[in-house]
K.L.:
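Sharing a structure, written as structure tokens. Questions coming.
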Protein chains: 2
Amino acid sequence: MEKIDALKEVKNCPIQYVLSINDTLNVISGKWKLPILGSILFGKKRFTDIQRNIPKITPRMLSKELKELELNGMLVRTVHDSTPVMVEYSLTDSGQSITEVLDKMVEWGIQHRKAVITG
Amino acid sequence: MEKIDALKEVKNCPIQYVLSINDTLNVISGKWKLPILGSILFGKKRFTDIQRNIPKITPRMLSKELKELELNGMLVRTVHDSTPVMVEYSLTDSGQSITEVLDKMVEWGIQHRKAVITG
DNA sequence: TTTACTGCTATACTTTAGTATACTACTATA
DNA sequence: TATAGTAGTATACTAAAGTATAGCAGTAAA
């Protein structure tokens, strides 16, 4: 009985649901995405600013992740024609609103820690 | 100004916040964690049930992920002394409540898709 | 005695993610 | 002409995640 219901539920599970979760996971998973987003969260930053905020990241990774985040519509890259040239990265609205997801994750995480510790 | 505030914020950012997010990410990231949790979500399941639900997973990965999810307090493993032996996996309360996070991720994901498509 | 069902484990491999280190192109200042 | 600041790229590597394929241990029915 229960098994059949479960199967039905699984089959009803709309693809949109799964896709959305994957989209969300893609923009926050990996070693550096959250630190980078966190660095830009409170104001636009330049490449070297972010590097200074995250001392252990290599320029290769920072460059790669910034490109990916830009492609995914999380941030915007703006080049200023100054000398030396300056490039600013700032969050899009989507990039900003990921904090809502993160807040839920904090909430669950804290709750879960308590549950695991108290058994 | 803005830069200094940002730095302050980053420095105030409590470690608990970061740890909780990492805890949460750890239990849902990887290729198979969500499919497995999804399979058990609507009722306890046996090893082979889950395998049938997720045809492409190898027993090695299923076994490995189930162990990890159990260690992380997401599910409980129960052995029944029948013949042949039966092992049932069911979600803990924490395991169940991860759906709250997933729901937020769906919400954001859908919103984000719209934002990216409409530019 | 063979077959089949349960729930896995072992070994070797490939693929993806991340690291290390050095270097580039442009330009203004010393 | 050398140096320093901007924002990166190139190449080669290591480590982590995941795959492929085969097999094990227990039991019970054919």
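First the proteins, then the strands, lettered A, B, ... as listed; each starts at 1. Just the heavy atoms: all of them, side chains too, but no hydrogens, waters or symmetry mates, feed the values below.
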K.L.:
Counting heavy atoms from C-beta on, name the nucleotide in C/dC8, D/dA7, D/dT19 closest to the side chain of A/Arg46.
P.N.:
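Nearest listed nucleotide: D/dA7.
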K.L.:
The side chain of B/Thr83 lies closest to which of these nucleotides: D/dA28, D/dG18, C/dT19?
P.N.:
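Nearest listed nucleotide: D/dA28.
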K.L.:
Using 4.0 Å as the upper bound for N to carboxylate O, is an ion pair formed by B/Glu68 and B/Lys33?
P.N.:
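A salt bridge is present here (some side-chain N lies under 4.0 Å from a carboxylate O).
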K.L.:
Ignoring backbone atoms, establish whether B/Lys67 has a side-chain N or O less than 4.0 Å from OP1 or OP2 of C/dT9.
P.N.:
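Answer is yes, contact under 4.0 Å.
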K.L.:
Go nucleotide by nucleotide along DNA chain D from the 5' end; which of B/Pro84 and A/Tyr89 gets its closest nucleotide reached first?
P.N.:
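Going by which nucleotide is closer to the 5' end, it is A/Tyr89.
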K.L.:
In plain terms, say whether B/Glu70 and B/Lys67 are close enough for a salt bridge, that is, a side-chain N and a carboxylate O under 4.0 Å apart.
P.N.:
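Answer for the salt bridge query: no.
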K.L.:
Decide side chain to side chain contact (heavy atoms under 4.5 Å, CB included) for B/Thr78 and B/Val76; before the verdict, give the C-alpha distance in whole Å, the side-chain angles of both, and the deciding distance to 0.1 Å.
P.N.:
CA-CA 6 Å; B/Thr78 316; B/Val76 171; 4.0 Å; yes
K.L.:
Among the nucleotides C/dC8, D/dT9, C/dC5, which one has an atom lying closest to any side-chain atom of A/Pro59?
P.N.:
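For A/Pro59, the side-chain atoms sit closest to D/dT9.
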K.L.:
With heavy atoms under 4.0 Å as the rule, sort B/Met61 into base, sugar-phosphate or nothing.
P.N.:
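B/Met61: base contact, heavy atoms under 4.0 Å.
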K.L.:
Between B/Lys31 and C/dT16, is there a side-chain N or O to OP1/OP2 distance below 4.0 Å?
P.N.:
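So the side-chain polar atoms of B/Lys31 never come under 4.0 Å of the phosphate oxygens OP1 or OP2 of C/dT16.
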K.L.:
Is any side-chain N or O of A/Ser63 closer than 4.0 Å to OP1 or OP2 of D/dT9?
P.N.:
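For A/Ser63, the contact criterion (side-chain N or O under 4.0 Å from OP1 or OP2 of D/dT9) is met.
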K.L.:
Which nucleotide in the list D/dA7, C/dG18, C/dT21 gets nearest to the side chain of A/Trp32?
P.N.:
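Closest nucleotide among those given: C/dG18.
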K.L.:
If you compare every side-chain N and O of A/Arg77 against the phosphate oxygens of D/dG8 (OP1, OP2), does one of them come in below 4.0 Å?
P.N.:
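Yes, A/Arg77 has a side-chain N/O under 4.0 Å of OP1/OP2 on D/dG8.
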K.L.:
Check whether any side-chain N or O of B/Lys56 sits under 4.0 Å from OP1 or OP2 of D/dG18, and answer yes or no.
P.N.:
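Looking at the OP1 and OP2 atoms of D/dG18, neither is under 4.0 Å from any side-chain N or O of B/Lys56.
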K.L.:
Below 3.5 Å, does any donor atom in the side chain of A/Arg60 face an acceptor in the base of D/dT11, or the other way round?
P.N.:
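By the distance-only test, yes, there is a pair.
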K.L.:
Does A/Thr48 put a side-chain nitrogen or oxygen below 4.0 Å from OP1 or OP2 of D/dA7?
P.N.:
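Indeed, a polar side-chain atom of A/Thr48 lies that close.
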K.L.:
Looking at A/Glu88 and A/Lys45, is there a salt bridge between them, counting it only when a charged N and a carboxylate O are closer than 4.0 Å?
P.N.:
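No, A/Lys45 and A/Glu88 are not salt-bridged.
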K.L.:
Which nucleotide sits closest to the side chain of B/Glu65: D/dG18, D/dT6, D/dA7?
P.N.:
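Comparing D/dG18, D/dT6, D/dA7 against the side chain of B/Glu65, the answer is D/dG18.
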